Asks: 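Sending over a structure as structure tokens; questions will come in a sec.
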Amino acid sequence: MLIPHDTRIALDTVVDLLNTAPESEPPASGQRGGERSDGLAGIEALYDFARRHRISGVGELHEKDLRAVQDVRTHFAEIFATDDTRTAAALVNALVAAAGTTPQLSDHDGYDWHVHYFAPDASIADHLAADCGMALAFIVVAGELERLRRCEAPDCRHAFVDLSRNRSRRYCSSRTCGNRLHVAAYRARRKEAAG
């Protein structure tokens with residue numbers, strides 16, 4: 001699947017934003033499930049997120065900006081949760097329309113020409129909703145909704161975009177979740193063979 005550079009950056013931003021959410025974690029053996037802390041619990045965390053993703057035009061942020069970004073995050077989670085294209089399209093359309101998209105070409109901060117979908121004076125929430133919403137629209141239009149996934153490791157629900165050629169990626173990270181589960185399965189087979 002060929003994805004333009006700016007769309008890939010926006011998809012990475014969506015994933016990182018989703019993975020800041022304080023979702024319930026599955027319970028460990030014999031224990032109750034817990035809550036992860038919110039990775040966007042305060043204004044400083046929002047500033048850090050904006051810096052990490054080089055979000056342009058971010059001025060002074062306030063509590064209303066934090067709440068608005070958390071709301072956008074909730075809408076992105078709904079898009080990742082559906083496997084129905086019509087539902088995903090309606091969710092993306094509503095998100096992008098609410099952001100007041102204003103497509104324009106830009107070549108700032110060392111990036112080559114690319115499209116910004118947000119108005120020049122947009123809030124950070126509208127910036128994310130417009131640019132990242134359009135990246136998700138690209139996935140929906142391409143008929144690739146199944147690429148928007150959650151990790152299949154039982155103790156991890158991180159979001160990721162499966163960009164593998166055959167759409168076979170199952171874990172947010174093959175180094176952590178995938179490797180951990182493969183090692184556990186290997187140990188279980190060895191224990192069964194020895195027992």
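Note that this is a predicted model, so its numbers are computed, not measured.
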Asks: Can you give me the closest heavy-atom contact between L66 and L40, atom names plus distance?
Replies: CD1-O, 3.3 Å
Asks: Which heavy atom in A77 sits nearest to a heavy atom in L18, and how many Å separate them?
Replies: N-CD2, 3.3 Å
Asks: Measure from the side-chain N and O atoms of T13 to the backbone N and O of I9, and report whether any donor-acceptor pair falls under 3.5 Å.
Replies: yes
Asks: State, to 0.1 Å, how close P4 and F138 come at their nearest heavy-atom pair, and which atoms those are.
Replies: CD-CZ, 3.9 Å
Asks: Which heavy atom of D162 sits nearest to which heavy atom of R149, and what is that distance?
Replies: OD2-NH1, 2.8 Å
Asks: Could you check D38 against R73 for side-chain contact (heavy atoms from CB on, under 4.5 Å), going step by step and ending with a plain yes or no?
Replies: CA-CA 12 Å; D38 191 332; R73 179 179 67 187; 2.9 Å; yes
Asks: With a 4.5 Å cut-off on side-chain heavy atoms, are F49 and I55 touching?
Replies: yes
Asks: Tell me, please, which residues at least two apart from R8 pass salt bridge (Lys or Arg N to Asp or Glu O under 4.0 Å).
Replies: D12
Asks: Rounded at 0.5 Å granularity, tell me how far OG1 in T85 sits from CD1 in I139.
Replies: 12.0 Å
Asks: Rounded at 0.5 Å granularity, tell me how far CZ in R170 sits from OG in S164.
Replies: 12.0 Å
Asks: Compile the donor-acceptor pairs under 3.5 Å between side chains in residues 91-105 and protein atoms, sequence neighbours left out, one pair per line.
Replies:
unit_1 : atom_1 : unit_2 : atom_2 : d
N93    : ND2    : A89    : O      : 3.3
T102   : OG1    : G100   : O      : 3.3
Q104   : NE2    : F118   : O      : 3.3

Asks: Can you tell me if N19 uses its side chain to pair, donor with acceptor, with the backbone of D16 under 3.5 Å?
Replies: no
Asks: Which distance, rounded to the nearest 0.5 Å, do you find between the NE2 of H53 and the CG of D48?
Replies: 10.5 Å
Asks: CZ of R51: more than 12 outside heavy atoms within 6.0 angstrom?
Replies: yes
Asks: Closest approach of F160 and F80, non-hydrogen atoms and distance?
Replies: O-CE2, 3.5 Å
Asks: Is the backbone N or O of A153 less than 3.5 Å from a side-chain atom of Y171, with the two atoms forming a donor-acceptor pair by type?
Replies: no
Asks: Could you check D84 against T82 for side chain to side chain donor-acceptor pair (under 3.5 Å), going step by step and ending with a plain yes or no?
Replies: CA-CA 5 Å; D84 179 64; T82 188; 5.1 Å; no
Asks: Rounded to the nearest 0.5 Å, how far apart are CG of D121 and NE2 of H127?
Replies: 13.0 Å
Asks: With side chains defined as the heavy atoms from C-beta onward, is the minimum distance between R167 and E144 less than 4.5 Å?
Replies: yes
